[in-house]
Novice: 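Starting off with a structure, shown below.
As a basis for the values below, the full set of heavy atoms in this structure was taken, side chains included, without hydrogen atoms, waters or symmetry mates. Positions are given from 1, in the same order as the sequence printed here. The structure displayed is predicted, hence computed values, not measured ones.
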Amino acid sequence: MNYTTRQPAILLLADGTIFHGKSIGISGKTFGEVCFNTGMTGYQEIFTDPSYFGQIMVATNAHIGNYGVNDQEVESDSIKISGLVCKNFSFNYSRPDAAGSLYDYFEKQNLIAISDVDTRALVSYIRDNGAQNAVICTDGTHIDELKHQLANVPDMKGLELASTVSTKEPYFLGDENATYKISALDLGIKTNILRNLAKRDCYIKVFPYNASYADLQSFNPDGYFLSNGPGDPEPLVGVIEVARQIIADNKPLFGICLGHQIIGLANGISTYKMFNGHRGINHPVKNLITGKGEITSQNHGFAVVREELEKHPDLEITHEHLNDGTVAGMRMKSKNCFSVQYHPEASPGPHDSSYLFDDFISNIKKATLQEV
C-alpha cells in the first residue's frame, strides 16, 4: 500500500477546549452538537439515522470502517450525522459482502471526519461537562475564526429539526393487500421501523411531519404511528396537536423516541434536554409490567419529566432506564396509546423488544373488534 501524510485536524468545543487528531482526507469544517455512541457495531446504521441530524458523532469503539459499508444497512437515503470523531479510521475493510469502503462512502457525501483523537478522554470530558456544540476543522482555519463561527451555531434546546429530515411527499411501503393499514408521521423515521411494521402484515403510508390529522385519516388507517427524529420536541406544536386529536378519538397510537416525547407533550407532560442523553446499543431497560429486563438501542437527548408523569391520572410508566431511572416507556390507562423512548426495531437484544410491534398490532385488532 502507499503511505501518505495525513493532515492535522482539530475538534473545537464551544467552551474552548481543543482535541487534536488527523483528517481522514476530506477537507473542510462541520458544526453540530457533539455526542457519543457506545455501540461496538452498526456504525453505518448510526451514521444514516435521521435522529442524529445536526450532531457530531464520537465513536467509542476503537475501530471505525473495518467492515466497510453495505447498501442494506442504512436507515435513510443519506448520511445524517454532521461529522465523525474516532480513534482509528480503517481505510481498508475485510467483509466479503461489503459494497465499498467507509472512506469512499464519506467522500461521496462530503462527510468531514477526524481520527487519531483520544476518544476516551473526549467522552470522559463530555460526560463531565455535558453535550455542547463543536466544530471539526480539517482545512487549517484559524482558531479565532472557528470560535466566531461556532458561537453562531444554535443550541439544540429549542431547535426544530424534524422538518429537515422528513419526507416532502407521502409514500407507501409494504403490501397494499396487507391486513392492516398504518398512517405513519415521519419526524425522521428509520427504515427498519417500516420493515418491522410491513412484516407484521401492515401497509404503511408515510406522511410529512406537517401533515394534519385529516391527512392521516384520509388513508383510512387501522392505526397511527409517530416516529423517531432529531431536535427538540417542544417546537413541534402541530405534531403535538395531531397526537392530541388521535388520542381524543381513541385510535390505536404507537410512538417511538421523538414520537414518545410528542405523546407526553400531548398529555401535558413536559420534556427536558438531558445533560448527555442516551446513545448506544447496550442500554438496560426494565419492563415494569412484566418485570423482565431488555437490552435496548437508544438515541435521544431529550426525555419526558418522570415526576409529572407519575402524577398524571391517565398515564403510567411501563418501562424505566436502569442506569438513571428515566422514563423508557409509558401508556395511557383509558386510551389505546403507548410509547417507548428506545428503538425496538434495532434489536440489540436481539429480540428483547420486538414484542412492542406485536403489542401495537394486538391493540389494532382489539380496536377493530370493538368497532364491529
Novice: Using modelled atom types only, decide if a donor and an acceptor are shared between the side chain of N37 and the backbone of A59 within a distance under 3.5 Å.
Specialist: no
Novice: What pairs meet the side chain to side chain donor-acceptor pair (under 3.5 Å) rule with one or both residues in residues 57-74, with sequence neighbours excluded?
Specialist: E73-R95
Novice: Run the ring-ring contact (aromatic ring centres under 6.0 Å, His included) test against Y209 and tell me which residues pass, sequence neighbours left out.
Specialist: none
Novice: Give every residue pair that meets the salt bridge (Lys or Arg N to Asp or Glu O under 4.0 Å) criterion with at least one member in residues 342-362, sequence neighbours excluded.
Specialist: K190-E345, R200-D358
Novice: Does K22, at its NZ atom, have more than 12 non-hydrogen atoms belonging to other residues, nucleotides or ligands within less than 6.0 Å?
Specialist: no
Novice: Is it true that Y355 and N287 share a donor-acceptor pair across their side chains at a distance under 3.5 Å?
Specialist: yes
Novice: Sequence neighbours excluded, which residues qualify as salt bridge (Lys or Arg N to Asp or Glu O under 4.0 Å) partners of K205?
Specialist: none
Novice: Determine whether the side chains of D215 and S212 contain a donor N or O and an acceptor N or O closer than 3.5 Å.
Specialist: yes
Novice: For F302, what are the other residues in its hydrophobic cluster, where any two members join if their side-chain heavy atoms are less than 4.5 angstrom apart?
Specialist: F53, M156, L159, L161, V165
Novice: Show me the pairs that pass side chain to side chain donor-acceptor pair (under 3.5 Å) and involve residues 162-171, at least two apart or across chains.
Specialist: E160-S163
Novice: So, T368 and K366: side-chain donor and acceptor under 3.5 Å apart, yes or no?
Specialist: no
Novice: Out of curiosity, does M57 fall in the hydrophobic cluster containing I24 (side-chain heavy atoms, cut-off under 4.5 Å, transitive links)?
Specialist: yes
Novice: Do side-chain atoms of T296 reach the backbone of H283 as a donor and acceptor pair under 3.5 angstrom?
Specialist: yes
Novice: Take F31 and N133 through the test side chain to side chain contact (heavy atoms under 4.5 Å, CB included) and record every step on the way to the result.
Specialist: CA-CA 7 Å; F31 299 83; N133 286 338; over 6 Å; no
Novice: For F207, give me all partners under ring-ring contact (aromatic ring centres under 6.0 Å, His included), at least two apart in sequence or on another chain.
Specialist: none
Novice: Residues two or more places apart in sequence or in another chain: which of them pass ring-ring contact (aromatic ring centres under 6.0 Å, His included) with F19?
Specialist: none
Novice: Taking a hydrophobic cluster as the set of Ile, Leu, Val, Met, Phe, Trp and Tyr residues connected by side-chain heavy atoms closer than 4.5 Å, whether directly or through intermediates, do L197 and F338 fall within one such cluster?
Specialist: yes
Novice: Between the main-chain N or O of K157 and the side-chain N or O of D232, is there a donor-acceptor pair closer than 3.5 Å?
Specialist: no
Novice: Strictly by modelled atom types, are E75 and Y52 linked by a side-chain donor-acceptor pair under 3.5 Å?
Specialist: no
Novice: Is it the case that the side chains of H343 and D49 hold a donor-acceptor pair, with the cut-off being a distance below 3.5 Å and no angle test?
Specialist: no
Novice: Taking atom CZ of R127 as the centre, does the number of heavy atoms from other residues, nucleotides or ligands within less than 6.0 Å exceed 12?
Specialist: no
Novice: Within the 3.5 Å criterion, strictly below it, is a donor on Q7 or S23 matched to an acceptor on the partner's side chain?
Specialist: no
Novice: Using a strict threshold of under 4.0 Å (side-chain N to carboxylate O), is an ion pair present between E145 and K29?
Specialist: no
Novice: Just jot down the salt bridge (Lys or Arg N to Asp or Glu O under 4.0 Å) partners of E316, sequence neighbours excluded, or say none.
Specialist: R331
Novice: By salt bridge (Lys or Arg N to Asp or Glu O under 4.0 Å), which residues pair with E45, not counting sequence neighbours?
Specialist: none
Novice: Counting heavy atoms not belonging to K286, are there more than 12 under 6.0 Å from its NZ?
Specialist: no
Novice: State whether a side-chain donor-acceptor pair under 3.5 Å links N196 with S354.
Specialist: no
Novice: Going by the side chain to side chain donor-acceptor pair (under 3.5 Å) test, which pairs reach into residues 303-313, not counting sequence neighbours?
Specialist: S270-E308, R306-E310, R306-E320
Novice: Under 3.5 Å, is there a donor-acceptor pair linking the side chains of N299 and N228?
Specialist: no
Novice: Stepwise, does the side chain to side chain contact (heavy atoms under 4.5 Å, CB included) test hold for F106 with K108?
Specialist: CA-CA 6 Å; F106 278 5; K108 288 176 183 176; over 6 Å; no
Novice: Could I get the full list of salt bridge (Lys or Arg N to Asp or Glu O under 4.0 Å) partners for E241, not counting sequence neighbours?
Specialist: R244
